[in-house]
Each structure stands twice: as C-alpha cells, then as structure tokens.
Amino acid sequence: MSNTNPAPSPAKRGKGQNIIAVASGKGGVGKTFLAITLASALSNKERKVLLFDGDLGLANLDIQLGLMPQQDLGSVIAGRLTLNQAVLPFPQGGFDIIAGRSGSGGLANIPTSRLQMLNEDLALLAQAYDHVILDLGAGVERTVRQLTHNVGTCIVVATDEPTSLTDAYAFIKLTHMERPKLDIRIVINAANSTREGERTYNTLLKACEGFLKISPPLLGVVRRDPKVRETIKAQVPLLTRYPNAEAAQDIGLIARKLLD
C-alpha cells in the first residue's frame, strides 16, 4: 500500500491543484511509461500517490503494470462502483491506481455531463493524496481536454519526431485556449542526450512563443534507455527493476522539480 503521510488539507490547497495530468499530442511517445515512473519516483519521496488511467478509449496502465483488475473505471462510469471503490493498491510501485478498461473504446464517447461528474469525483478523491497522476489519452479529443479542467499542472510529453512536436503544439494550443492560466510544462522523452532533448524543446518553445505568446517551461529531458523497453515488456515499473538507469535518474529529477 502507498505510504500514508497526511495530504495537505483542502483548506490549504485549491481543488485539483495536486492533480498532475500527463498528456501528449500523439500516441507512442512514452506517456504512460512516464506517468508510471513519475508515480514511483514521487512515492519514493515519501508522498502518497494515486495513478489514474484517464485514457477513456484505449486504457493500458493495467497492461504495463501486469495487472488484471476486478474493478476499473468502466464500472465507475456504469454506476456499479464509486470512484473511491475502484482504487487498488499497487505495493510493487508504492502507489495506488485506478485502472481504465483496456480496449473499451466506448468509454471515449461518454456524455460531457458524466465526464464532469467524474472530474468532480476525482478532485474530491485527490484530497486524500499528496499527488494524483492522471494519465490522459493521446490526442486533442474532447474527452482528453475535458479531463484537464480540474488539474493543477499539465505535463505535455513529446519526442523529436516532427509529428510528435506538431501534435504536442496542437494540444498546448487548444488547452491554453480553454484554460489560459493552466501550468503547462514540457517533457522531452527518448532523447539521444540531454542537450539534444533541450534542442527539441526549443523547437516547440519557439512555436509556442511565436504563435501563442506563451513560454511553457521545460520540466525535464528523459534520455533514450534500452532498460525502458525491457521493463515495459516485463510489465514492471522501471524504478522497481532498474532504479539507477539513466531514464530513472532523469524522471527522479523531474519529480524533484515538481516538489520544489
């Protein structure tokens, strides 16, 4: 079970301010891997963490963690469980999770009103945690953007692929239009080096500054690391198997920045 240090009281923290959404303009950039490893890293820093699978179309948190949950988000949306009843401890990572429903594309079409209720329920549940990591679906669809309405921080994950950068920019643009004061930060994943990752970030930053007049900061660069693919195939968190891997060190730095 995740550790039980008391979370800040609701009076001291705005609703949803401790919810960190992890987003990307396109799939295949390592968004879910980052969400899992970030949850592990924050848990290792004595924080109580909930990892929430917000990919309503193609949920895969449970797959990457090698789980077969009996209760999941599908049961919550269907009204069979409350959100609190869907929480599962994940001792191997030191955090709790709420799993999505793998392969159930129907969840992507839930009504706006039902999604708003889910947002409200998650904001209430978040008060029991120091951090909630919300692993969003890839893309800029309505359901993805609506899940960011109550979050305090949005991490946009991109790689050096031109399509990844273009789609990340599109996500930032639409999200900024809907929530102009949202704390948006950038993580460049699978970079050949930290310096190359910083160059990739600067390409995205120039587009944001030139067209949107905003400067989302670089939260971190995660270097390309063969151990990442190995742990995903083995369905175990990177920090559990290779806590000293380069990618693990990079995400540890990202966790420290979030706590500053």
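Given the structure is predicted, the values throughout are model-derived calculations rather than measurements.
For residues 200-213, the side chain to side chain donor-acceptor pair (under 3.5 Å) pairs, not counting sequence neighbours, are Glu209-Ser215.
Ring geometry for Tyr169 versus Phe211: interplanar angle over 60°, hence perpendicular rather than tilted (30 to 60°).
For the pair Ser164 (side chain) and Asp160 (backbone), a donor-acceptor distance under 3.5 Å is absent. For Ser24 (side chain) and Gly27 (main-chain N/O), no donor-acceptor pair under 3.5 Å exists by modelled atom type. A donor-acceptor contact shorter than 3.5 Å links the side chain of Lys257 to the backbone of Leu219. With Asp130 contributing its side chain and Val49 its backbone, the two residues share no donor-acceptor pair below 3.5 Å.
Residues satisfying the side-chain contact (heavy atoms from CB on, under 4.5 Å) test with Leu253, not counting sequence neighbours, are Arg256. Residues passing the salt bridge (Lys or Arg N to Asp or Glu O under 4.0 Å) test with Glu120 are Lys15, sequence neighbours excluded. Residues meeting the side-chain contact (heavy atoms from CB on, under 4.5 Å) test with Ala35, sequence neighbours left out: Val22, Leu51, Ile133, Asp135. In terms of the salt bridge (Lys or Arg N to Asp or Glu O under 4.0 Å) criterion, Asp53 has no residue partners (sequence neighbours excluded). Residues satisfying the salt bridge (Lys or Arg N to Asp or Glu O under 4.0 Å) criterion with Glu161, sequence neighbours excluded, are Lys26. By the side chain to side chain donor-acceptor pair (under 3.5 Å) test, Glu178 is found to be paired with Arg145, residues two or more places apart in sequence or in another chain being considered. For Gln71, the side chain to side chain donor-acceptor pair (under 3.5 Å) criterion is met by no residue, not counting sequence neighbours. By the salt bridge (Lys or Arg N to Asp or Glu O under 4.0 Å) test, Asp183 is found to be paired with Arg185, residues two or more places apart in sequence or in another chain being considered. Residues forming a side chain to side chain donor-acceptor pair (under 3.5 Å) with Ser113 (at least two apart in sequence, or on another chain): none.
Taking 4.5 Å as the limit, every side-chain heavy atom of Val222 sits out of range of all side-chain heavy atoms of Ile188.
If you chain together hydrophobic residues whose side chains sit under 4.5 Å apart, Phe52 and Leu124 never meet in one group.
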Counting only pairs under 3.5 Å, give me each side-chain donor-acceptor contact of residues 232-248, with atom names and distances, residues two or more places apart or in other chains.
from, atom 1, to, atom 2, distance (Å)
Gln235, NE2, Ile63, O, 2.7
Thr240, OG1, Gln92, O, 3.2
Tyr242, OH, Glu230, OE2, 2.4

Show me the donor-acceptor pairs within less than 3.5 Å that the side chains of residues 76-86 make with the rest of the protein, sequence neighbours left out.
from, atom 1, to, atom 2, distance (Å)
Thr82, OG1, Gln85, N, 3.2
Thr82, OG1, Gln85, OE1, 3.4
Gln85, OE1, Thr82, N, 2.8

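Atom OG of Ser43 sits about 10.0 Å away from atom NE2 of His131, to the nearest 0.5 Å.
One finds a salt bridge joining Asp250 and Arg223 here, because a Lys/Arg side-chain nitrogen approaches an Asp/Glu carboxylate oxygen to under 4.0 Å.
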Evaluation steps, side chain to side chain contact (heavy atoms under 4.5 Å, CB included), between Ile19 and Thr153 | CA-CA 7 Å; Ile19 302 177; Thr153 301; over 6 Å; no
Full working for side chain to side chain contact (heavy atoms under 4.5 Å, CB included) between Met68 and Asp62 = CA-CA 7 Å; Met68 296 183 68; Asp62 54 332; over 6 Å; no
Could you give me the CA-CA distance, side-chain angles and deciding distance for Asn189 and Leu34, then say whether side chain to side chain contact (heavy atoms under 4.5 Å, CB included) is met?
-> CA-CA 8 Å; Asn189 190 35; Leu34 179 75; 5.8 Å; no
Run the side chain to side chain contact (heavy atoms under 4.5 Å, CB included) check on Leu212 and Met177 step by step: do they pass?
-> CA-CA 9 Å; Leu212 306 178; Met177 286 169 59; over 6 Å; no
